[in-house]
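Report on the following structure.
Naming: A, B, ... by sequence-line order, numbering from 1 per chain.
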4 protein chains.
Amino acid sequence: DNANQLQAQRDALAEKLQETETRNKDLESQLAELEQRLESSQLEQEAFRRNLKTLLEILDGKIFELTELRDNLAKLIEGS
Amino acid sequence: DNANQLQAQRDALAEKLQETETRNKDLESQLAELEQRLESSQLEQEAFRRNLKTLLEILDGKIFELTELRDNLAKLIEGS
Amino acid sequence: DNANQLQAQRDALAEKLQETETRNKDLESQLAELEQRLESSQLEQEAFRRNLKTLLEILDGKIFELTELRDNLAKLIEGS
Amino acid sequence: DNANQLQAQRDALAEKLQETETRNKDLESQLAELEQRLESSQLEQEAFRRNLKTLLEILDGKIFELTELRDNLAKLIEGS
């Protein structure tokens with residue numbers, strides 16, 4: 001009868017809601033994990049880029065010093 | 001009475017399920033987007049590292065050529 | 001007597017002239033040899049300087065290529 | 001007569017000797033000057049070579065430092 005049918009519908013909906021909420025929690029934790037990974041990947045990339053910038057500055061210094069050496073060699077050749 | 005109460009419970013559960021499924025879809029699309037970003041970030045990083053490796057090989061070549069120049073200068077000084 | 005004295009003076013002068021001319025020839029050959037050494041030393045120095053100029057040009061090229069590499073590294077870091 | 005002839009010979013020889021000794025002095029001073037130039041040229045060349053050796057050592061240092069930079073870049077690429 002009608003009361004039994006309504007009860008069956010209610011129970012089926014409650015079960016379905018339960019599953020959907022479980023799936024929801026799972027998705028939320030996946031999302032949190034992925035955000036964590038993306039953030040730590042960005043932090044690594046920034047640290048990497050900072051290290052590269054330091055190497056770039058050292059390379060600038062070496063090129064400057066080679067240019068000084070070059071100028072001293074040129075003066076030596078001209079003056080000899 | 002009982003039938004009215006069951007119907008109210010069923011309708012409340014149906015509405016709650018609707019909301020939870022909507023939230024689910026939203027989470028799934030957020031997750032897909034984040035996976036996309038993480039993947040394209042990894043592809044960029046790999047391309048970046050390949051470019052750096054190319055620069056490293058060029059630097060190797062330059063150091064080799066400077067060493068040849070250094071040896072030629074040493075020979076010139078010794079032979080003079 | 002006077003004729004004998006004149007003859008002795010003449011002979012002494014002739015001998016002295018001989019020695020002086022011998023010494024002269026010796027000095028001229030020393031001078032020629034030294035001029036030769038100075039000239040070949042100058043030719044060597046010029047060849048040496050030309051070789052140094054070639055090395056200087058190669059060094060210029062290497063500094064230019066390192067600067068290109070530096071610029072490519074800078075662009076890579078900025079673009080990442 | 002004989003005495004006049006001998007006197008003329010003696011005087012000619014005395015004059016010739018004078019000229020030869022003057023030429024001698026000139027050659028000796030030329031020789032001394034050339035030896036001076038050769039010696040100072042050698043001193044200059046030695047100073048030049050010492051300066052070149054100093055530049056060679058500086059170049060060695062720069063190549064060493066570029067190699068360190070290269071190794072640090074390689075480690076950075078491998079570690080990323």
Inset, instruction - Please indicate whether B:E68 has more than 12 foreign heavy atoms, meaning atoms of other residues, nucleotides or ligands, lying under 6.0 Å from its CD. - result: yes

Legend entry - Heavy atoms from other residues, nucleotides or ligands near CD of D:E15 exceed 12 (cutoff 6.0 Å): no

Inset, instruction - Among the options B:T67, B:L66, B:L73, B:D60, pick out the one with the most heavy-atom pairs lying under 4.5 Å from chain D. - result: B:D60

Inset, instruction - Hey, could you give me the CD1/CZ distance between D:I58 and B:R70, rounded to the nearest 0.5 Å? - result: 13.0 Å

Legend entry - Choice from D:L69, D:L55, D:L59 maximising heavy atom contacts with chain B below 4.5 Å: D:L59

Inset, instruction - Can you measure from CD1 (D:I63) to CZ (B:F64) and round to the nearest 0.5 angstrom? - result: 11.5 Å

Inset, instruction - State whether the number of non-hydrogen atoms from other residues, nucleotides or ligands found under 6.0 Å of D:E35 atom CD is greater than 12. - result: yes

Inset, instruction - To the nearest 0.5 Å, tell me how far D:E78 CD sits from B:L52 CG. - result: 11.0 Å

